[in-house]
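Here the structure is laid out as structure tokens; the discussion comes afterwards.
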Amino acid sequence: MYKKIIASILKAILLLITVSIVTFAMVEVSPIDAVESYVGEAGVTNDQRERIEEYWGLNEPPVTRYFKWITNFLRGDMGTSMIYRKPVTQVIGERFRLSLALMTASWIISGVMGLLLGIVMAVYRDTFADKVIRTYCLALESSPAFWVGMLLLLLFSVKFRLLPMGLASPVGVPFDEATLAQRIHHMILPALTLGLTGVSKITLQTAEKMRQALDSDYALFATSRGEGKWTFVIRHGLRNIMLPFITLQFGAISELFGGSVLAETVFTYPGLGNATVQSALKGDIPLFLGIALFSSLFVFGGNLIANILYTVADPRIREGAVR
Amino acid sequence: MKGNRRTRTFIIICVTVFLIALITIAGSVMDPESYAPKFADKNLGPSVSHFFGTDWMGRDMFCRTVKGLSVSIYIGLLASIFSSVIGLFLGTFAGMIGGKAMALFNWMVDLFMGIPHLILLILISILLGKGARGVAIGVILTHWCSLGRIVQAEILSLKESHFVHASYRFGHSVRWVAIHHIIPNVFPQFVVGLVLMFPHAIMHEASITFLGFGLPAEQPAVGIILSESMQYLTTGMWWLAVFPGVCLLFIVVLFEALGKNLRLLLDPVNAQM
């Protein structure tokens, strides 16, 4: 069991190194000009430009620069963000706090809702409830996250004026001074957007697996012993759908990150997704590279946790019966 | 509906293809005049003369949406075709050769799945200088993974089948067996995978355009229409966001229905699982 975990950590590290090389190389050949995005509108003469390039070491070969970047990165220095004029580590740290709160909330929403709806679909198969949930899932699966966000915004902020239009704290109040209630109030819509769009996959898969469990021989035996459907679901069904649920729920982290970029743009929520778009639009190379690598780390982390949970949750692997 | 299930499936396929073709052709042959700015009737709500209303420049939203959908369908189709061919090719290659090739293939898939899709799309789009080309290539390069995995898994099981073993015993080369026995057998899954890839492609295209890395602002694309409508949401011009979005949803549902029914027809074994 420990061997497997160590092997997957090693694999993740190797993959991250590749990700860093690939992203660095891609930014390197992209038409973004670091000097131009640094000075912005002001413009520079050729002479000044050469001095900036020399000061930054831009005239060194790319391989040397990559090694400089990655060694500094490992020391925790990811460079300075050009648009926020702060160290990248600080920008990512501040914004990740906000995004993490958002993603965790929506991750829980989609997980719990998906599990419940899926079980309802399987237990009340072919009834009205089953069909309604199925239609709802198919509709959400087919609509882009940002559009769902816009609809929620139209409904709850513009029409009913219940929830704020955007940002993470009321206008004029810095985030650090906002109360917890204010923060939550501002997080509801983006979290709901993310959670609702993530729910359909989980629901459909849970329903599928639960249906298989209900059709099984052990379900027949349980029924003949006098167990009701819900008793069966709680005693036997849940255990049997847990593994695919864990895989899907942790595998969804990559999509969750992508979705948070969209939701944060719609609601101008100042999290990491917002910074991703800004850094890419304005050519802030250090910040963008930092976020790219950080988000990959986040996704690999999710997969790693799934692998570990797998070994804990599956009695066959836990007891070392197989592999 | 009359007829047996096979007939029904066939009718659904015909209807979806017809609707998709209709929208694509209508958008392609549309006179640009029909969605040109007419400042006389700006900010109109939905009515009989303007089904979807007009925007702040007096452009007819119905015509703009249809035009935008046809552009999206083109890009989505192009991207899904190329991407699924890459998936088929790499999956077949890895599955047939096995060993190192398979390890390399799995490594590449892990790599592409490891970076969040949207970040990778933004990166590729910037790399290619934004625009339609950047989006199309970005979608092509990021969407082959799952189909590739399916193809590879299918090939691994085909490789153990009797007819493949028999073919090897007849002295045929790996390439011959791949072309004559393996690819025809995975072809149905390939076609279904291609059609089902389309919804992802078109939604990623819209998302990346919405964020400002995709199609240029003057192009009437769904992503552009929606990102412009963002600025007018607060003024209560709900029709700018609702109708184009519903149409996009409709197209995606059409392609999903097409894919699922094609699977019932072409690949009945896997469809029932």
Side-chain angles (χ1 to χ4, degrees), chain A residues 11-12 14-16 18-19 22-23 25-32 138-151 153-155 157-159 165 251 253-262 265-266 273 276-277 279-281 283 288-289 291-293 295-300 303, chain B residues 106-108 110-130 134 199-200 202-213 222-223 226-227 229-230 233-242 244-246 248-257 260 273:
Chain A
K11 202 179 155 201
L14 220 56
L15 272 170
L16 277 174
T18 325
V19 169
V22 171
T23 44
M26 281 171 92
V27 170
E28 190 59 41
V29 290
S30 79
I32 296 178
L138 290 181
L140 273 184
E141 209 181 13
S142 320
S143 36
F146 67 90
W147 185 62
V148 175
M150 283 164 75
L151 290 187
L153 192 78
L154 262 176
L155 206 62
S157 306
V158 181
K159 186 101 171 74
M165 292 285 301
I253 286 182
S254 167
E255 273 173 49
L256 196 64
F257 197 90
S260 79
V261 174
L262 292 167
T265 308
V266 173
T276 314
V277 176
S279 66
L281 279 177
F288 187 76
L289 279 177
I291 292 175
L293 212 53
S295 62
S296 307
L297 188 71
F298 189 62
V299 172
F300 284 131
N303 290 339
Chain B
N106 281 327
W107 172 258
M108 266 169 75
D110 282 343
L111 185 66
F112 274 92
M113 304 271 233
I115 312 175
H117 258 170
L118 211 65
I119 302 250
L120 198 57
L121 272 169
I122 292 176
L123 201 59
I124 296 172
S125 166
I126 295 177
L127 180 70
L128 296 165
K130 301 180 186 174
H200 293 272
I202 198 171
M203 280 205 283
H204 272 128
E205 184 257 323
S207 305
I208 202 95
T209 305
F210 175 78
L211 291 177
F213 301 98
V222 179
L226 289 177
S227 83
S229 74
M230 268 298 287
L233 280 186
T234 39
T235 57
M237 289 161 74
W238 53 272
W239 59 89
L240 293 182
V242 173
V246 170
L248 182 66
L249 176 72
F250 179 64
I251 293 288
V252 170
V253 169
L254 274 184
F255 268 91
E256 264 165 14
K260 278 171 191 161
M273 285 190 356

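Below, chain A is the first sequence line, B the second, and so on; all start at residue 1.
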> Taking atom CH2 of A/Trp147 and atom CE of B/Met203, what is their separation to the nearest 0.5 Å?
Replying inline: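 One finds 11.5 Å between CH2 of A/Trp147 and CE of B/Met203.
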
> Between CZ of B/Phe210 and CE of A/Met150, what distance do you get to the nearest 0.5 Å?
Replying inline: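 Taking CZ in B/Phe210 and CE in A/Met150, the distance rounds to 5.5 Å.
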
> When only pairs under 4.5 Å are counted, which of A/Leu293, A/Val19, A/Leu281 shares the most heavy-atom pairs with chain B?
Replying inline: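 Between A/Leu293, A/Val19, A/Leu281, the count favours A/Leu281.
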
> Side chain, backbone, both or neither: which part of A/Leu153 has a non-hydrogen atom closer than 4.5 Å to chain B?
Replying inline: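 Side chain of A/Leu153 only, per the 4.5 Å heavy-atom cut-off to chain B.
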
> Quick one: what part of A/Thr276 sits under 4.5 Å from any heavy atom of chain B, side chain, backbone, both or neither?
Replying inline: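 Contact with chain B involves the side chain of A/Thr276 alone.
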
Given side chains that start at C-beta, do those of [X] and [Y] come closer than 4.5 Å, heavy atoms only?
X	Y	answer
B/Leu211	A/Thr265	yes
B/Trp107	A/Thr18	yes
A/Pro144	B/Leu248	yes

Distance-only donor-acceptor pairs under 3.5 Å for side chains of residues 117-124 of chain B, two or more places apart:
residue, atom, partner, partner atom, Å
B/His117, NE2, B/Thr142, O, 2.9

>> List the residues meeting side-chain hydrogen bond (donor to acceptor under 3.5 Å, both in side chains) with A/Ser142, not counting sequence neighbours, and say none if there are none.
In response: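 Scan of A/Ser142 (side-chain hydrogen bond (donor to acceptor under 3.5 Å, both in side chains), adjacent residues dropped) gives B/Glu256.
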
>> Apply side-chain contact (heavy atoms from CB on, under 4.5 Å) to residues A/Leu154 and B/Val242 and explain how you reach the verdict.
In response: CA-CA 9 Å; A/Leu154 262 176; B/Val242 173; 3.9 Å; yes

> Any residues in residues 254-261 of chain A near chain B, with a heavy-atom distance under 4.5 Å, and which are they?
Replying inline: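 Result: A/Ser254, A/Phe257, A/Gly258, A/Val261.
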
> Which residues satisfy the side-chain contact (heavy atoms from CB on, under 4.5 Å) test with B/Leu254, sequence neighbours excluded?
Replying inline: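 Listed in chain order: B/Thr16, B/Leu19, B/Ile20, B/Phe250.
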
>> Counting heavy-atom pairs under 4.5 Å with chain A, which one of B/Leu128, B/Leu111, B/Val253, B/Ile251 comes out on top?
In response: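 Winner by heavy-atom pair count: B/Leu111.
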
